[in-house]
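The block underneath contains the structure these notes are about, expressed in structure tokens.
In this chain, residues are counted from 1 in sequence order. Atoms within a ligand are numbered from 1 in the order they appear, just like the ligands themselves.
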Amino acid sequence: MASTKPQLLRNLHVEFIRSLDNKKDSLEYHLTSHLKLNGVYWGLTALDLLGRLDVFEKEDVITFILACQHSNGGFSGNVGHDPHLLYTLSAVQILATLDSLDRIDSARVVDFVKNLQDPESGAFCGDIYGEVDTRFVYVAISCMSILSSLDQIDVDKAVEYINRCKNFDGGYGSVPGAESHSGQIFCCVGALSIVNRLDTVDIDKLGWWLCERQLSNGGLNGRPEKKEDVCYSWWVLSSLAMLDRLHWIDHEKLIEFILGAQDDEAGGIADRPGDMADVFHTVFGLAGLSLLGYPDLKPVDPRYCMTRDVTKRLGL
Ligand code: BD6
Ligand code: ZN
């Protein structure tokens, strides 16, 4: 019999995400408990893409989010940990997805974010300990735009900082002089796209570098000489989508690669076929499939990694 094309295992993925909450005594749970808030964002966004937000207990999620907010306005990855910009974005994304941004004092969140900008360089630190990275510029811009408060930070300075992280190959690194990396490229292109400054991008050069990430097995890697990985379907594709160069990727082969990384027994998507599934690769695999036009997934907004339903409702 001729082999049939793999299908998206929608119901299994819903069950996989639903089951994550019940694994509280597993080793994985303890290793990742500091990331719990991010995990909730990944699971919730995966369900939204699948059109199954109904399986989440909305009030339980909101209670947890509120318990992670600190008096300085920032959010931590779990109750009792230190606040950080990365978790603050996840918290804002979760509340936006649940149409519940009115449940927090957003002025305090805005204060937390704006205090992390260096007025000289325009860069952002992730927390009070001062590590600088283009990821944090993205997080700040994404957060402020979701909260309609972009006027509270120095956007021109932030754009200048991003431009100082641009490389000869058209890509971007984590700090000035650092090598190009697809994750950082997503952050820089995403930030520039949100503030309508894609005019500063070398679109053809960067588009070329990004589409060179596709390997012969259809998967995408994050930088030259690295292995393919489902999550790079998102970092690379979303960047190409914002640059309007999505058609430079072989859609069929990438769809087949992502579907091949599904766990056909327990559900979920892994980094590559044969590996163990996790919620991180599940959401970015689904979001990648959505950008590729795979049927019956909600359209995703490449700038925010939330469904278009959510970003439209916010007027973004
Ligand atoms: C991010 C995304 C959007 C906006 C700002 C961001 N800042 C950081 C990120 C990436 C973040 C994330 O997606 N948040 O939603 N990544 C992670 O949380 C992962 C978690 C993780 C750890 C271990 C295994 C799988 C997932 N993380 C901390 C990473 O370093 C992952 C690890 C990994 C995934 N696959 C192979 N290794 N790498 C990663 O996210 O790379 C993409 C990246 C890198 C730098 C900047 C942005 C994106
Ligand atoms: Zn990955």
Side-chain angles (χ1 to χ4, degrees), residues 20 27-46 75-78 84-94 96-97 113 116 123-127 131-146 158 162 165 171-175 178-194 210 213 215 219-223 226-239 242 257-258 261 268-288 300-306:
L20 292 170
L27 177 64
E28 288 147 85
Y29 182 86
H30 287 286
L31 291 177
T32 58
S33 65
H34 62 289
L35 290 173
K36 181 162 174 195
L37 195 62
N38 284 350
V40 173
Y41 156 67
W42 299 326
L44 193 69
T45 302
F75 290 81
S76 49
N78 207 334
H84 194 284
L85 214 41
L86 288 173
Y87 307 118
T88 303
L89 175 60
S90 289
V92 167
Q93 289 172 310
I94 292 164
T97 300
V113 175
L116 291 170
F124 281 84
C125 301
D127 58 18
E131 189 200 352
V132 172
D133 187 321
T134 44
R135 280 180 305 164
F136 307 140
V137 180
Y138 169 80
V139 171
I141 287 183
S142 179
C143 240
M144 291 301 90
S145 108
I146 293 169
I162 291 174
C165 297
Y172 299 82
S174 55
V175 290
E179 70 167 320
S180 296
H181 177 288
S182 312
Q184 309 295 346
I185 292 171
F186 161 79
C187 292
C188 294
V189 173
L192 293 171
S193 176
I194 290 171
L210 288 166
R213 305 278 59 76
L215 305 178
L220 307 179
N221 65 10
R223 327 173 243 168
K226 296 284 178 185
K227 271 191 168 182
E228 69 286 356
D229 181 326
V230 161
C231 67
Y232 287 101
S233 312
W234 172 256
W235 314 114
V236 174
L237 280 182
S238 58
S239 302
M242 292 184 273
F257 172 77
I258 299 173
I269 304 177
D271 57 356
R272 64 184 65 86
D275 284 355
M276 188 135 101
D278 61 70
V279 64
F280 177 86
H281 291 94
T282 302
V283 66
F284 292 118
L286 291 171
V300 66
D301 190 320
R303 300 168 299 165
Y304 296 96
C305 199
M306 298 192 287

ask   = Given side chains that start at C-beta, do those of F257 and R272 come closer than 4.5 Å, heavy atoms only?
value = yes

query = Nearest protein heavy atom to atom 45 (C) of ligand 1, by residue and atom, and its distance?
reply = Q184 NE2, 3.5 Å

task = Looking only at protein heavy atoms, identify the closest one to atom 29 (C) of ligand 1 and say how far it is in Å.
result = F280 CZ, 5.0 Å

query = Between D229 and ligand 1, which part of the residue brings a heavy atom under 4.0 Å of the ligand: side chain, backbone, both or neither?
reply = side chain

query = Should the proximity of V139 to ligand 1, defined as any heavy atom under 4.0 Å, be assigned to the side chain, the backbone, both, or neither?
reply = side chain

query = atom 44 (C) of ligand 1: which protein heavy atom is closest, and how many Å away?
reply = H181 CE1, 3.6 Å

key: Non-hydrogen protein atom less than 4.0 angstrom from atom 5 (C) of ligand 1   = yes

query = Any N/O/S atom of D229 sitting less than 2.8 Å from the Zn ion (ligand 2), backbone or side chain?
reply = yes

remark   = heavy-atom search around atom 41 (O) of ligand 1 in the protein gives Y232 OH, 3.7 Å

query = Among all protein non-hydrogen atoms, which one is nearest to atom 2 (C) of ligand 1, and what is the separation to 0.1 Å?
reply = W235 CH2, 3.4 Å

Any non-hydrogen protein atom less than 4.0 Å away from atom 33 (C) of ligand 1 = no

request  = Taking only heavy atoms of L86 into account, list the atoms of ligand 1 that are under 4.0 Å away from them.
outcome  = 6 (C), 7 (N), 8 (C)

